[in-house]
Amino acid sequence: MRNNTHLSRIAHGFTLIELLVVLAILGLLAALVGPNLMSKFSQAKTKAAKLQIEELSTNLDMYKLDVGRYPTTDEGLNALIEAPGSAKVWNGPYLRKKSIPLDPWNNPYHYVVPGQHGQFDLWSLGADNGEGGSGEDADVTSWE
């Protein structure tokens, strides 16, 4: 008889109060960690856009070395993967992939030659895909 009583005490499981305490602790942890984690995630997208802009800028410089000029605004970034008709010496493609990358928010990058801030301007409009903004909505540019 003693063994049956001992086994029933072991097998009874958790009480409702114990489960509620665990859920409350998990809820508090999620409330504290969640916003911080989301902030890091949006910062990561902005950093990824900066890195992509730097890589595209380097590829544009390689294009200029071969062709003697940057792609025109009309030719756009597409000139990095397909030879434009006006380019006599084109040693591309200048990108590994056969498509122009989108920014981390799945919008195309903007490119203008001549630029207002340099020989060309290359930028992303951020999460809101509109000029200006702050945080994740801020523009990411090649000139800053």
Side-chain angles (χ1 to χ4, degrees), residues 3 6-144:
N3 287 341
H6 182 44
L7 287 176
S8 66
R9 286 183 190 167
I10 293 173
H12 73 67
F14 296 107
T15 66
L16 180 60
I17 293 176
E18 290 170 328
L19 289 174
L20 289 174
V21 167
V22 169
L23 287 174
I25 291 170
L26 289 174
L28 286 172
L29 284 174
L32 294 173
V33 174
N36 208 8
L37 187 61
M38 295 308 283
S39 170
K40 296 291 183 194
F41 185 66
S42 70
Q43 289 175 2
K45 283 189 171 189
T46 301
K47 286 180 183 178
K50 287 179 184 178
L51 288 173
Q52 279 184 326
I53 286 173
E54 287 178 20
E55 182 180 355
L56 288 169
S57 295
T58 300
N59 294 329
L60 287 164
D61 290 338
M62 289 179 5
Y63 176 96
K64 182 183 180 189
L65 285 173
D66 290 343
V67 178
R69 62 171 177 80
Y70 288 108
T72 65
T73 302
D74 290 336
E75 291 169 343
L77 297 174
N78 198 47
L80 297 174
I81 56 174
E82 292 180 15
S86 62
K88 295 178 182 172
V89 180
W90 187 83
N91 293 321
Y94 298 90
L95 298 176
R96 288 185 201 163
K97 296 183 180 180
K98 298 187 186 229
S99 63
I100 304 301
L102 297 175
D103 71 11
W105 302 278
N106 291 321
N107 298 310
Y109 284 100
H110 300 272
Y111 171 76
V112 174
V113 168
Q116 293 180 356
H117 305 279
Q119 294 181 331
F120 63 84
D121 288 351
L122 180 61
W123 72 97
S124 164
L125 293 175
D128 65 351
N129 201 29
E131 290 187 22
S134 62
E136 194 176 8
D137 294 337
D139 299 348
V140 182
T141 64
S142 62
W143 57 89
E144 291 179 1

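When reading the values below, keep in mind they use all heavy atoms of this one structure, side chains included, and skip hydrogens, waters and symmetry mates. We count residues from 1, following the sequence as given.
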Any sub-3.5 Å donor-acceptor pair from [X]'s side-chain atoms to [Y]'s backbone N or O?
X: T73; Y: V113; result: yes
X: N106; Y: L102; result: no
X: N107; Y: D103; result: no

When rounded to the nearest 0.5 angstrom, what is the spacing between [atom1] in [X] and [atom2] in [Y]?
X: L28; Y: L23; atom1: CG; atom2: CG; answer: 11.0 Å
X: L20; Y: I25; atom1: CG; atom2: CD1; answer: 11.5 Å
X: D74; Y: Y111; atom1: CG; atom2: OH; answer: 11.0 Å
X: L56; Y: I100; atom1: CG; atom2: CD1; answer: 7.0 Å
X: M62; Y: L80; atom1: CE; atom2: CG; answer: 8.5 Å
X: I53; Y: T58; atom1: CD1; atom2: OG1; answer: 12.0 Å

Q. Got a salt bridge between R69 and E75, using NZ or NE/NH1/NH2 to carboxylate O under 4.0 Å?
A. yes
Measure across [X] and [Y] and return the closest heavy-atom pair with its distance rounded to 0.1 Å.
X: I81; Y: S99; result: CD1-CA, 3.9 Å
X: V140; Y: K50; result: CG1-CG, 3.4 Å
X: A49; Y: W105; result: CB-CZ3, 3.9 Å
X: V67; Y: V89; result: CG2-O, 3.1 Å
X: Y109; Y: P104; result: OH-CD, 3.8 Å

Q: In sequence, state the C-alpha distance, the side-chain angles, and the governing distance for L77 and L122, and then conclude on side chain to side chain contact (heavy atoms under 4.5 Å, CB included).
A: CA-CA 10 Å; L77 297 174; L122 180 61; 3.9 Å; yes
**Q.** Residues E82 and W90: side-chain donor-acceptor under 3.5 angstrom
**A.** no
Q: Anything under 30° is parallel, anything over 60° is perpendicular, the rest tilted; go ahead and classify Y63 against Y94.
A: perpendicular
Q. Crowded around L26 CG? As in, over 12 foreign heavy atoms under 6.0 Å?
A. yes
**Q.** L125 side chain reached by H110 side chain, heavy atoms, under 4.5 Å
**A.** yes
Q | Validation row: D139, S124 side chains within 4.5 angstrom (heavy atoms) | A | no
